Amino acid sequence: MDGMTTAGDVTVTEETTTAGGTATAGVKATARIAARADGRRGTALPVLESDGPLALRRTRGSGDEARVMLVGAMSGPLGGDRFAVEAEVGEGARLRVGSAAATIALPGQAKGEARYDVRIDVAAGGELRWLPEQLISARGSDLRVSTRVELAADARLVFREEQVLGRTGEEPGRLSSRLSVWSGGRPLLDQEVACGPGAPGGWDGPAVLGGYRALGQLVVVRPEFAEQPPGPRVLGESAALTPLAGPAVLVSALAPDALRLRRVLDEALAELDG
């Protein structure tokens with residue numbers, strides 16, 4: 001017997017089998033943000049749509065930039081959950097998105113892989129700074145993250161992604177993550193990494209993580225980088241800046257913990273912003 005129940009904004013899908021079968025359930029939720037230039041040198045948010053465990057809150061902006069905080073209203077994602085966040089930045093608008101706390105992927109009672117999809121569109125002259133807190137892959141969890149960013153040719157982007165494998169003293173769950181960034185209809189970056197139990201062999205070896213448990217990346221897209229991109233260089237002991245084939249750079253970093261990972265990425269962003 002298959003069914004669907006809804007409680008408030010949370011949609012729970014249920015699949016139940018009899019004769020010794022197991023029941024699985026998962027939460028489906030999609031949060032949506034739309035930012036528009038308001039004609040008064042500011043940015044309006046005509047769409048700020050929370051859904052279930054994905055709660056969006058507008059916070060005090062700065063100058064012409066609007067700011068939104070993603071607040072987790074419950075634990076998750078858990079096994080079987082399907083979360084999504086969609087953000088659209090219109091022409092000339094500026095948006096900054098953060099989160100109130102780290103996201104923790106947990107095993108939950110439902111079996112099966114959880115998914116977290118992020119879809120971002122930035123129009124001509126728009127700017128997005130996507131700076132959430134870390135994603136932590138707890139023991140026994142199984143999460144697939146997919147992020148796709150579509151930028152107009154002269155749009156600007158700062159995108160930070162940080163992942164921590166396991167809480168303190170615990171083994172990680174399985175985590176698969178794909179990030180693709182497009183500018184003007186052309187790909188800038190398309191990469192995928194898989195870690196934890198069941199991931200392809202060697203993920204913890206010297207060619208990938210080398211024993212570290214925190215990994216992150218920073219993608220910065222600016223039109224001026226098409227003519228004068230920052231040069232490639234090593235940042236500290238386990239980070240590097242790489243120009244991409246387009247108006248963008250990628251900073252990739254490894255660290256033993258989330259605190260040191262953030263420090264490396266913050267220093268890289270401060271240098272690029274300077």
Side-chain angles (χ1 to χ4, degrees), residues 30-51 54-72 84-101 103 117-134 147-162 179-189 216-230 241 243-244 246-251 262 265-274:
T30 300
R32 295 180 176 88
I33 309 167
R36 299 284 186 270
D38 63 7
R40 303 187 302 273
R41 297 184 180 181
T43 298
L45 296 173
V47 177
L48 196 61
E49 183 179 320
S50 302
D51 189 8
L54 301 175
L56 300 172
R57 301 287 184 266
R58 181 165 190 167
T59 60
R60 185 181 298 274
S62 175
D64 59 353
E65 178 187 75
R67 296 188 177 185
V68 173
M69 191 72 67
L70 179 62
V71 180
V85 179
E86 299 174 357
E88 181 186 353
V89 181
E91 293 186 13
R94 296 184 63 210
L95 175 65
R96 181 187 181 109
V97 178
S99 61
T103 297
D117 297 320
V118 177
R119 298 292 178 264
I120 294 169
D121 286 282
V122 185
E127 179 176 343
L128 173 67
R129 296 176 76 89
W130 188 270
L131 300 167
E133 296 302 307
Q134 299 90 354
T147 303
R148 184 177 177 92
V149 183
E150 297 271 3
L151 306 170
D154 63 345
R156 294 173 174 268
L157 174 73
V158 173
F159 180 93
R160 184 182 69 207
E161 183 177 64
E162 299 170 306
L179 170 63
S180 59
V181 181
W182 294 65
S183 176
R186 300 180 61 183
L188 294 176
L189 176 69
Q217 52 196 350
L218 180 71
V219 181
V220 179
V221 182
R222 291 177 181 154
E224 57 267 30
F225 286 172
E227 299 296 331
Q228 294 183 324
L241 184 149
L244 300 177
V249 297
L250 169 68
V251 177
R262 176 65 58 84
L265 295 179
D266 279 353
E267 291 174 355
L269 182 55
E271 183 177 335
L272 291 167
D273 280 343

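Numbering of residues begins at 1 and proceeds along the displayed sequence. Because the structure is predicted, anything quoted here is derived from the model rather than measured.
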With rounding to the nearest 0.5 Å, note down the distance linking CD in Glu150 to OG in Ser183.
10.0 Å
Testing Val219, Val181, Val249 for side-chain contact (heavy atoms from CB on, under 4.5 Å) with Leu188, which one passes?
Val181
Are Leu272 and Val158 close enough, and set up right, to give a side chain to side chain contact (heavy atoms under 4.5 Å, CB included), and what steps lead you there?
CA-CA 10 Å; Leu272 291 167; Val158 173; over 6 Å; no
Donor-acceptor pairs are to be reported for all side-chain atoms of residues 35-42 against protein atoms at under 3.5 Å, with residues two or more places apart or in another chain.
| from | atom 1 | to | atom 2 | distance (Å) |
| --- | --- | --- | --- | --- |
| Arg36 | NH2 | Glu88 | OE2 | 3.1 |
| Asp38 | OD1 | Arg40 | N | 2.8 |
| Asp38 | OD1 | Gly42 | N | 2.9 |

Residues that Glu267 engages under side-chain contact (heavy atoms from CB on, under 4.5 Å), provided they are two or more places apart
Arg263
Side chain to side chain contact (heavy atoms under 4.5 Å, CB included) assessment of Phe159 paired with Gln217
CA-CA 8 Å; Phe159 180 93; Gln217 52 196 350; 5.7 Å; no
Apply side chain to side chain contact (heavy atoms under 4.5 Å, CB included) to the pair Trp130 and Thr147, showing each step before the final yes or no.
CA-CA 12 Å; Trp130 188 270; Thr147 303; over 6 Å; no
Between the CG atom in Leu218 and the CG atom in Leu265, the distance rounded to the nearest 0.5 Å is 6.0 Å
Answer yes when Arg94 and Glu127 have at least one side-chain N-carboxylate O distance shorter than 4.0 Å, and no when they do not.
yes
With respect to Arg67, which candidate in Arg58, Arg96, Arg57 satisfies the side-chain contact (heavy atoms from CB on, under 4.5 Å) definition?
Arg96
Give me the atom names and distance for the closest heavy-atom approach of Ala123 to Ala152.
C-CB, 3.5 Å
The side chain to side chain donor-acceptor pair (under 3.5 Å) partners of Glu224 (sequence neighbours excluded) come to Arg156
Distance-only, no hydrogens or angles: does the Thr43 side chain make a donor-acceptor pair with backbone N or O of Ala93 under 3.5 Å?
no
Could you point out which residue of Ile120, Ile33, Val122 forms a side-chain contact (heavy atoms from CB on, under 4.5 Å) with Leu95?
Ile33
Can you list the steps and then say if Glu133 with Arg262 is a side chain to side chain contact (heavy atoms under 4.5 Å, CB included)?
CA-CA 9 Å; Glu133 296 302 307; Arg262 176 65 58 84; 3.2 Å; yes
